[in-house]
Each structure stands twice: as structure tokens, then as C-alpha cells.
A.B. asks: 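Quick one: the structure is below, and I'll ask about it shortly.
Residue numbering restarts at 1 for every chain, and letters A, B, ... go by the order of the sequence lines. Just so we're clear, the structure is a prediction, and the values are computed from it rather than from any experiment.
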2 protein chains.
Amino acid sequence: MSSLYWKSFALGLFLVVVCPAGRADEGMWLFNDLPARLLKDKYNFDISPGWLDHLQKASVRFNDGGSGSFVSPDGLVMTNHHVGTDCIQKIGTKEHDYIKTGFSARVQADEAKCPDLELNVLMSTEDVTAQVNSVVRPDAYPATAEKARRAVMNRIEKESLDKTGLRSNVVTLYNGGAYHLYRYKKYTDVRLVFAPEKDAAFFGGDPDNFEYPRYDLDICFFRAYENDKPVKTSDYLKWNKLGAKEGDLVFVSGNPGSTSRLDTVQHLEFLRDRSNPRALAMLERHEILLRVYSERSRESARRAQDKLFDIENSRKAYVGMQAGLQDPSLMAQKQMQEQKLRDAVNADPKLRASYGNAWDEIAATLRTSEGIYIDVSLLERGSAFESRLFDIARTLVRLAEETRKPNETRLREYSEAGLESLKQDLFSEAPIYDDLDTLELGDSLGMYAETKGMQDDLVRKVLAGKSPNARADELVRGSKLKDVAERKRLAEGGMAAIEASTDPMILLARLVDPEARRLRSIYDNQVDEPRQQAYAKIAQARFAAYGKNIYPDATFTLRLAFGTVKGYEENGRQLPWMTTIGGAFAHADEHQDQEPFRLPASWTRHKNALSLATPLNFVNTADIIGGNSGSPVVNRAGELVGIIFDGNIQSLVLDYIYSDTQARAIAVHSAGIAEALKKVYGAGRVVSELGLR
Amino acid sequence: MSSLYWKSFALGLFLVVVCPAGRADEGMWLFNDLPARLLKDKYNFDISPGWLDHLQKASVRFNDGGSGSFVSPDGLVMTNHHVGTDCIQKIGTKEHDYIKTGFSARVQADEAKCPDLELNVLMSTEDVTAQVNSVVRPDAYPATAEKARRAVMNRIEKESLDKTGLRSNVVTLYNGGAYHLYRYKKYTDVRLVFAPEKDAAFFGGDPDNFEYPRYDLDICFFRAYENDKPVKTSDYLKWNKLGAKEGDLVFVSGNPGSTSRLDTVQHLEFLRDRSNPRALAMLERHEILLRVYSERSRESARRAQDKLFDIENSRKAYVGMQAGLQDPSLMAQKQMQEQKLRDAVNADPKLRASYGNAWDEIAATLRTSEGIYIDVSLLERGSAFESRLFDIARTLVRLAEETRKPNETRLREYSEAGLESLKQDLFSEAPIYDDLDTLELGDSLGMYAETKGMQDDLVRKVLAGKSPNARADELVRGSKLKDVAERKRLAEGGMAAIEASTDPMILLARLVDPEARRLRSIYDNQVDEPRQQAYAKIAQARFAAYGKNIYPDATFTLRLAFGTVKGYEENGRQLPWMTTIGGAFAHADEHQDQEPFRLPASWTRHKNALSLATPLNFVNTADIIGGNSGSPVVNRAGELVGIIFDGNIQSLVLDYIYSDTQARAIAVHSAGIAEALKKVYGAGRVVSELGLR
């Protein structure tokens, strides 16, 4: 499992993607702008509005990064185990490690509520491009343009929320080429129904992550509730018992996080030589810290496991992305594409006048970025303060400050329309572990001091004359923010309460906030905004040169991808389109059942009862990326035939360029899921609910 | 175990240490310059020449980094398991993982020969300061001085070798304040006799490394052979069955690797803010690579385990050292000491004229270092080319080039006196694993490209148009250097053979060598040499200000430390001076026998037979550092009462400053070793040989 669990660890550069389509199965398409003709011509498939609407409303976004789908009329939601891990971890205790043991609610009353999980179902979209653009003068300074756009987006969202009661987000598509208002039905009472053991879900562990062949039961089931009752819905996916088979056309409906396919070559070089290596070094440092902490005791392993998994997963993704960027043949391809477009622009005086400077403008933002991206990461993104308590403190400080302002001038994440979700997270009862918070904070403070030097003025103030570890200890011990009531008191008390607080974390968050905001403002106005405008020009140029058949870059919003179920060749070996349950046992045997190749006892105990030829995992050519984890895979009839859980190692370059030679999406097969639920887990309730009796 | 396994991963800045002695049990003393009066006054102990000579000749240096001692008249040598791991690993195969299973030669013929282990026993020392200084004019330019000194040192060593047949090394002490010629008896036929399982030797693993209380049987036994027969010696340590007890005066005879106690504050800041963070990041990157590789299969874990252990150990040491340097109270202490000395120098016009500039001169070398230390690490120290095959190729290339020159002008490591040891390593039959060599080389090439940028001219030439991984694959597949006969052919063929070779590793080594040598020359002449001269001035200044009672900084040569067996207080808790065998079982129970807290089956099986109250590990205040691993601990009678294997976490700052408040050396107790050998392992041969029947 894993690779597709999108987390916002990157610098968050969401960029427009406009590719000449028709090439193979490329594309993460908007539900309201699908390549209908391509599907008709290539696959003889007609998308009907009903088919599409049903699939959209059966698709679920996991707000902390992932996808899923309704699979029963009673609000049962299936996603990946690794998407559900955050909740499974949080409902665990020292005595009950559900990640290790699995979880199965025998009756409805046993279903366990997640402390802070939010699910979103996209109900409608509306094009608000004209409304947004009407307030932004084309010749405005970047800072003015950014401010005006923020104001109108905050206002549109608030008006929509007031009118419909639905979660409302204005999404920037084509990096400013279009703005769509997305309205979501939001579920905040979500309960865990069933999860297998991690040893089955993540069989093969980190070594097999992003690899194929694979043998993972990377699934779990939640149930959405409203008013303490299961949600009733007719928009759920019907389970197809046979599941996907070789050569099938399949669709993937999910929320890819971000791609960078239209980055200029210079921009990719910046990622390759600057920001990716830094991000990777930070991940490696953090991974070592948590691995070593995890080895201390079983309980420490339990406490760190969800975070450690995320970090390992990100690390492996970065290694793969870097391998792509360091491959001269990939870069040569990008260089060629770029030159072709620039030649086309330069050949037309009008295009040249409008768009010819865009590449240089992006290069200018990279130079600005070079000087501040590390500081932005340390202070504004908070990598210097790896601590849940610090995150809470900063949110409280900014909440007080931002909510004093009119909605339209607030930072985007504190606009009225988003406050409910923000508070769901802020007031979560999920446990915070002092030892782990202290360890991570101490290490990140040490990293901060190393990066800026101990003599740096703000470093000195932050450390207050202590060593990083001693300071972390003092901050965590001294803070009262573990107490949710205290958080609520401070949130309700507004700026007066914040200013009166002597909580050391609050004081620290206030200490660094002016500099953090200053950096953000530079980044927003001198990097993000001009870059957005320049990429919008490149988008327009491609549009002019190659026509309209385009899809926007991934934005962690609902997209439809499609592809064919098929294997591929690797080092002269033909890899099959699917693996089987029997293959999982063979894979364990080959590794002498050594961790992480040890199947749980539940599997070995029921081996004889299992039909070993049942497909377990399969691959297809759909265009996916992190965030697609848990996406349903459906057939022409819109029935569920599988669930995406990973991409292979060759798919990691999909961040930059699509290919179907070897890159594959990896899914759990619907038949394999059914077989395991019935014969390994005896999960009768779920089996009945899925109609599998 | 572990922390004391000194490896030359640092930038190798061996510096002079001159401290006002008499403070507690500080000091890593030269055998020919001991604080006799201090020992008499404080401990009423008289060092007799015979006692000292016997201890010296019973002490053994493991040439790849570690210490040990003769413990029988038939050449039996005891050291730490983690010092022996390199050999234990190399004699293993896919079928026999002796690190995991342990090793016990039931008859002498079963003793297993190490492919490239060299042991050294210090036979004599001679002060050659006058001879060295006579050729170096005080007003010479650094480059001239460096060349002249190198020439005379190479010559002295060669003459000594020719005269005595002994391994001869001129050792720079007090950073140039003195030069001593060390003559060693060398053993290159060394065979493994006994080793426990790693689970016993390294019980508690990385989490317990550098911690106390501890419960490790970190020992193993080798035997030195000459002419295919066990070495006979009367200089072996008699085993004391009762072992150390609380309050005892004990001596530690071993080879501490390096310390930096007299670094200027600016120099320490450079370590803290520049070179240590870089070294740590490299270690973390490498550790992740090997941990992930190790998880692939049992065999990959076996292949990587020795290297992975070294890296984990170094990483934990760096984390501890950084924690010390980032502690403002430690730095304030160093600042105060420095100011006191500078005030004394400035108060005396003569001292001021001679030594007053030394601190500024060191600062100047730091500025030079800042500009090149990363490149030196990449190219000259080879961190860009993590590959055993590359190491071999470079050695072959340089061997050909250096041996064409007269001995006196060669790089130090290619001088005549050292060639035999160099070839022992170069022609080692130890296995090289293609997959691991490719993985490490690919990753380090990627790191090199990230550090310098893909556009860097030399990076482009090194990668030859390929991605780092593809290039590594090509290099490893294409090289014939795995074949020892091929290495010998190239070594014997001299420069003509090297120039005719089309081996891709040889070509790569030749490609980078000019730039590597250029960097080394800058570093030697503009950093090392002026720094050495400046530190020599500071040493003289301390000498003038505080008197003569001084010991030089550690140089991986034989030193005597002494201290008292005693516990210490930590967070209000009194930690005992020793732990017991029963404590090991209790420690495993507390961790539910989870890895790495699982005692091997041999222990659990024999638990009932064991006397659980037997001491297993103990602590004392002797002044040790990495390289002391395996050092014998002896009592007033010169009998063996224990063996050093680690320092606690508080001891990691001993690199910079001595303290006996909490810092402790950790040793395995002689009684615990005897108990385990008899009752867990039934190691009758060793038990008899140690006189323990």
C-alpha cells in the first residue's frame, strides 16, 4: 500500500497541466470536462450523465489526504488501510493496538468513532472564473492581485456556505486559467467498522512499497453517520464479484494530490537540485528519529507507527521522483517538449508578445525562492517546530488574529467557510504523547539551529538559552494545550485570551509568528503569485498552439482517470496483470516469514479454506498520483472491481510526465477482498452488507 | 556495545590536547609519560616499569579500529563482538550467518581465518621530535613545511622497518609538539575462536546503545597465528575471576581514536554548524538506504549488517556530540577556558608575541575549510563513490602513481613502511556483493549530483550521460576488480597496467583523481598545516601558563586511562555501579522479548543453570572515547577484571570536555563473561585456556 497517501509535505506548488491529450490513457480529468470523444473513439464507451453523477456522489474524499467510496446504502465507506491508519491509530491505546491486531465491529454499537476524521462528497461544481477575474485588474501589482483574489474567493465561499450549508471551496484550476466553486457534503461523525491487521494490509512493508508484484489487502471500512445514525444513500457502488480482468477498460474516481507536469525545465532543476534534496534530508532525519524511538518499546512503536509510515512513504516517493529527475533521458524529453512550445510561441508574433516572457518570469521566481524557501519551510511551514502542541498553539494564535479581520482579508485557511473543519481538527481529542512530542520538537529545534546557526537572533530567542532538547522538554512540560478545554477557552477568548496566556507554546508561537508571516507574504507575493501568472500564460500558449483537449494539474479534488488492465515488461521479464492469494503465501515463504514478509496468523490459520487462485492485486494504466489512495476502480457498468492503493516504482515520475510503458496503478481486486472478508476474517456483517452472501 | 568502535568517518582533525591535569580521573596518557605522582597521591599506586611493560605488550590494537588484549599464553585475544564483527561478517556466507548464530571452534582446526584483519602490538616507542624538526625551518611556507615533514617521516619509518622488521609509524603528538616513532609487532594471520550471538552481544540494540544500565556480552575471541601456529606469549593478562568491584581503582589500556578537547570555540562552532550536520545528514541517508535494503531479505540483512551497525553507531555518536555542542552551558565553559588562557597570554608580552595570533590563525583556516570541506569529503574522502570496488580502483591508481616516486615524496599512506598493510587490505578475499555495491554507489552518486548540481562539469563526466543508478549498475557490472588476481595483476603492472586498463572503475578513479588530489593539496597546505602550527602554539601557551602536566589528544595509539568503579545519578535516580545476568532477563521481560530485546535461545535455555546475581556490566570513570572498544580493564595487580565496550550518553561530550559527574565508561565484567562461557555456551576450550576450570 501506501504510495498514494498524499500528504502536504512538499512546498505545495500546485501548477497547471495542459497536455496534448489522446496519448494513451493520460489524464486526470475534471468530472465536468471529460474527454468524451476520446473514450468513444478509443474504447467505444459513452459516458452518460447518470453514470457520471452516480460515480461522483459515490466517491468520497478523506480530508486528511486520500480517497474512498460508498459501498452500501447504509453509509459504508471503503478506503485503503493506510488511509484509515490515522484514525485506527488514534482510537488505539496502550492496551489495544488495532493497527497490529486489526479491528472488527461485531455489532453496530461497536463501531468506533474517529476523533477528527472528515469525509467530503462532491455535490456540485460551479464555474466562478468570471466572478474572480472581474475583481483582479490584469495590470495589478502581484501583491494587489493576490489580495483582491483572496478577498473574492473568501467571499464566494462564505456566500455559498450561508446559502447551501455545504462545505464550499473555490479551487484554482489551470493555475489561474479557471476558478471553480466546489460544494461538498461533509461527514464528521465517521466510525471504524473493519480493518485487517497491518501485516496483511501492508504485507511486504517498506521493501515492497511502490513495487509490483504485490500481495496487499490494503483496505478498511468506515461508516458515515448523521445524527448518530448511519447515512442512507442510493449513490453507492455495487460490488462486482468477479472483479477486473485482463484487457478491461476501468475508471478510477479519486482525488490526486498534486502533479508538476508542466514545470519548466529550470523549475524541475530547482526541484532536483534544491528543494527535493532538502525535503529528502529532512524526511530521512525524521525517519531515523522515529525508527529509533519505535525500537524502544512496543508502546513507542505503536505511538509512532502512523507518522513513521507516512514519512517512509514520502521518503520512498521522493527517492523515486529524484531518480526520475536525475535521469537525463527524462529531462531531455522535458527539454524537447519545452523547446517545441517555445518555438511555436516565438514563431507567432502575437503569441510571442503575450506569452514569450513566461519562462523568464518563472526563472525569476526561482531566484527569489532560492533565497527564502528554506526559511519558509522552517518557520511558516513549521519544520523547525515538529510538535502537535506547537501546531495547536500556532493555530490558536492565528485564529485569534485572523478572525478579528473581515472575512475577505483573512489568510485563506482562516476564512469563514473553512472554520468548522479547522475547529474539528483543533479540538480533536486524539491523544498527544509527551515523550514523542518532546523528542520530535527537540530534534527539529536542533535542525533549525544547525540550519540557521546558533548565533541567529531568532534561534537564540526560540531556544532561550537552553539546548534544543532541554528547551523542548520545558515547552512540552509547561504547556496546557493537551487539554481540549483549554484550547476551547483560548479559542473563545480571542486575542485578549491569547495575549493574557503564559502558556509557553503560545508564547513561542507568538514569538515566531511575525517572521513567519513576513516570509509567507514574500513567498505569496513574489514567488507564488507571479509564478501563477506566468504558468497561466504558458497554459494559454499551449492552448493556442495545441488546441483545447486539456486537463488541469491535480489539486486534491475529484478527477476521473481511465485505463486498461494489463501487465508490463521489466528487465526482460513479463509481469502479470494480477497476483493471487496463493501468491501472497508463496511470497511469505520466499522470505522465510521474516518481517515484513510475515502474514498474520489469521491468514495462515485459514489457508486451507482459501481459494488460492483468487486474484488479490492487479495493475492498470490509469493516470494516478498520491491522493488517489483508496480510489474505487469501476468497470463500464460503474460497478466496483477494485480499489487503488499504490503505484509501481516506474509510476513515481508521473509527477512530471505520463507514461504507460511500465508505469502502473496498483489495486486490490474486488474478488480477493471478498474472499478474505469471508474466509479469513469471517466478517459476516460487512460481507452481507456488500451483498456477497 | 558499540559506541567506541572508532571509524575514520570524521574529517580527521587530530588535534592537540593539553589540559591542566589532576582534575578527577581525566587523561588518555602516553605509556612513556604517565602521571605517576598523581596516581601515587590520589590512589597510593606505584606504577612499576614491569607492570607497565607487561600491560603494554598484552595490549592489542585492531587495525580497522578497536582494541583488545592477549588473555592466554597461546595467543588468545579478547575484544568486543562489535570490533570483531567485520571479520565475523566476512567469514559468513548465505548459509552461515555467524553474527546471528554465534561461532565456536570446537577444535583448533575449526578456528576460522579472517580475510584481512591485522593486529598490532606496540613493542617500543622512540622520541624523534628533534629529527623531524631539524628538517623543517620555522619560517618555511606551509606547503614547504608540509613536504619536508612528510619526507622525513616517510624516511624514518622506512629505516625503522628495514632495521627492525616491525611496523613503524611516526605519530604526531600534541599536534606537532612532539613526534614519536611507534614500532609494532604485526599479526596478519588472525582466526576467530569464539563469538556469542549478536542478540547477546548487542542485546538492547540501537535503543540501548550508549545507554546504561546495560546487559551486553559484547565479547569475542580471536587467536593470533604465526607460521600457521598459535603465537606464544608470556605477555598476556591473567583473568581475575572476581572481577571489578565498587570503589576499585582500574586501568584501561587501549587506543582512543580522536578527541577535540582543545578546539577553539570558533572551531567547535564550525563543527556544530557546518561539518557535523553535514556528516550526520550523510550518515542518516546511508542508514536509511541500508535499513531498507536489509528489510528486503534475510540475506540482504546479513550482507549489510556490519556496515549498518557502524553507521548506526556513528549516527548516535554524532547526535550525542551535537547535543553537547548545542548545549549553551558546555559552550560557555569552553568559552571561559579559552578566555582565561587568552587573558594569560595577553598579560605576558612575550607569550603574546609568540602565541597571541594563534586563535585568529585557526579562524583563518576555518574560513578556507568552509569553502572546500564538502568537496574534500565528496572527492578526496570518496563519499561520492560509496563502493568497495571504487575504493580498490582508487588504491590501485594511486599505488601505481605513488610508488613511481621516491619514498620521501609519497602521500603518507603509500610510504614504503605501510605498503604491506595496505596490500593486505587491497588483496583481501572478503566477498563483495554486486547488489549492495551498486545500491550504495548509485545513491552516493545521486547525493554527489544533488550537492554539486547536475550541471557541474565533473558530475557530468562522472555520470557519463546516465542516471546515477544506471551509471552505478554499469560500473559495477563492468568492473573486474572483484577478482583478486586482477587486482594483483594491476598492482604488479604499475602505471603501464593502469594506463592500459579499460576497467570502468579504474577509468572513473583516474577521472576524479586530479581534482581529488588538488583538493587534498589545498586542504593539507592551507588548512591542516597552518592549523597544526597554530594549535601547536596554543599547546605551548598552555604549557607556559599552566605547567607541564599534560597528555596529548587521542591519536588511535596506545594510551592508559584510569578511574574508579562507581555508579552515578541521573534525573534523581541513582544508577548502580554494575548490572547482573539476572538483570538481562528482567530487561528482556520488560520489553516482552521484542527485538532488539530478545535474548538468544541459548540464554533462555540455560537460565536455570546461571547464577543470576553474577555481575554482567559495570561502569567506571576512566577517560575513554571511540577506539577504546575492547580495551582490557585491569586492577592494581594488572589482572583482567573487565573489557570496555561503550560509554554512556553523557560520555559523548568527552570528545570536547572531560567530566566524571555522569560520564562513564561501560565494561563487560570478567565474572559475567566466565559465567556465560561456562553455563550458556559450554565453551570448554576457551574456559580452560583462561584458567577458569
Side-chain angles (χ1 to χ4, degrees), chain A residues 205-208 269 272-274 276-277 280-281 283-289 291-298 300-301 312 315-316 319 322-331 442-443 445-447 449-455 460 463 465-470 590-592 594-597, chain B residues 205-208 269 272-274 276-277 280-281 283-289 291-298 300-301 312 315-316 319 322-331 442-443 445-447 449-455 460 463 465-470 590-592 594-597:
Chain A
D206 186 78
D208 271 6
E269 287 170 354
R272 183 191 68 191
D273 298 337
R274 294 281 181 277
N276 282 3
L280 193 48
L283 286 168
E284 286 164 340
R285 179 179 181 129
H286 205 168
E287 180 173 343
I288 292 286
L289 191 79
R291 278 185 179 239
V292 169
Y293 170 78
S294 296
E295 286 169 358
R296 284 189 197 170
S297 70
R298 194 177 283 195
S300 65
E312 289 179 356
R315 180 257 305 153
K316 204 158 178 181
V319 167
Q322 277 297 89
L325 290 175
Q326 288 188 333
D327 179 353
S329 70
L330 183 145
M331 287 303 261
D443 185 70
L445 288 174
M447 180 275 291
E450 286 172 9
T451 308
K452 301 296 291 177
M454 293 282 282
Q455 304 311 319
R460 289 167 68 105
L463 293 180
K466 305 215 169 40
S467 73
N469 291 330
E590 282 158 20
H591 290 86
Q592 294 110 43
Q594 286 282 103
E595 283 290 357
F597 299 95
Chain B
D206 186 78
D208 270 7
E269 287 170 354
R272 183 191 68 193
D273 297 337
R274 294 281 181 278
N276 281 3
L280 194 47
L283 286 169
E284 286 163 341
R285 179 179 181 129
H286 205 168
E287 180 173 342
I288 293 286
L289 191 78
R291 278 186 179 238
V292 168
Y293 170 78
S294 297
E295 285 169 359
R296 285 189 194 167
S297 71
R298 193 176 284 195
S300 64
E312 288 179 358
R315 179 257 305 153
K316 204 158 177 180
V319 167
Q322 275 298 87
L325 291 176
Q326 288 188 333
D327 179 352
S329 72
L330 183 144
M331 287 302 263
D443 186 70
L445 288 174
M447 180 276 289
E450 285 171 9
T451 307
K452 301 297 292 178
M454 293 282 281
Q455 304 312 317
R460 290 166 68 107
L463 293 179
K466 307 218 167 41
S467 74
N469 291 329
E590 282 158 21
H591 290 85
Q592 294 110 44
Q594 285 282 104
E595 283 290 357
F597 299 95

A.B. asks: Under 4.5 Å heavy-atom distance to chain A, tell me which part of B:K466 shows up: side chain, backbone, both or neither.
C.D. replies: backbone
A.B. asks: CG of A:L463 to CG of A:N469: how many Å apart, nearest 0.5 Å?
C.D. replies: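 That separation rounds to 10.5 Å.
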A.B. asks: Picking from A:R291, A:M331, A:R274, which has the most non-hydrogen pairs under 4.5 angstrom with chain B?
C.D. replies: A:R291
A.B. asks: Side chain, backbone, both or neither: which part of B:E590 has a non-hydrogen atom closer than 4.5 Å to chain A?
C.D. replies: neither
A.B. asks: Counting C-beta onward and ignoring hydrogens, is there a side-chain heavy-atom pair between A:R315 and B:V292 closer than 4.5 Å?
C.D. replies: yes
A.B. asks: Which one wins on heavy-atom pair count under 4.5 Å against chain A: B:K452, B:Q594, B:E450?
C.D. replies: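 Sorted descending by pairs with chain A, the first entry is B:E450.
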A.B. asks: Which heavy atom of B:P468 sits nearest a heavy atom of B:G442, and at what distance?
C.D. replies: CB-O, 3.5 Å
A.B. asks: Looking at A:M447, A:E312, A:Q455, which makes the most heavy-atom pairs under 4.5 Å with chain B?
C.D. replies: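 Top option by heavy-atom pairs under 4.5 Å: A:Q455.
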A.B. asks: Just checking, is any N or O donor in the side chain of B:D327 or B:S329 under 3.5 Å from an acceptor N or O on the other one?
C.D. replies: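 Checked: B:D327/B:S329 side chains pair up, N/O donor to acceptor below 3.5 Å.
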A.B. asks: Tell me, out of A:P328, A:S294, A:P596, who's got the most heavy-atom pairs with chain B below 4.5 Å.
C.D. replies: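 With the most close heavy-atom pairs to chain B, the winner is A:P328.
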A.B. asks: If we define contacts as heavy-atom pairs under 4.5 Å, which of B:H591, B:E287, B:R298, B:R285 has the most with chain A?
C.D. replies: B:R298
A.B. asks: Counting only non-hydrogen atoms closer than 4.5 Å, does B:E269 touch chain A with its backbone (N, CA, C, O), its side chain (CB onward), both, or neither?
C.D. replies: side chain
A.B. asks: Checking B:Y293 against chain A: side chain, backbone, both or neither under 4.5 Å from a heavy atom?
C.D. replies: neither
A.B. asks: Is chain A contacted by the side chain of B:Q592, its backbone, both, or neither, given a heavy-atom distance below 4.5 Å?
C.D. replies: both
A.B. asks: Does any part of the side chain of B:P277, heavy atoms only, come nearer than 4.5 Å to the side chain of B:Q322, both counted from C-beta?
C.D. replies: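 Answer yes - side chains close enough.
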A.B. asks: Select, from B:A281, B:G205, B:G465, B:A301, the one with the greatest count of heavy-atom pairs under 4.5 Å involving chain A.
C.D. replies: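 Between B:A281, B:G205, B:G465, B:A301, the count favours B:G465.
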A.B. asks: Of all heavy-atom pairs between B:Q326 and A:G446, which one has the smallest distance, and what is that distance?
C.D. replies: NE2-O, 3.1 Å
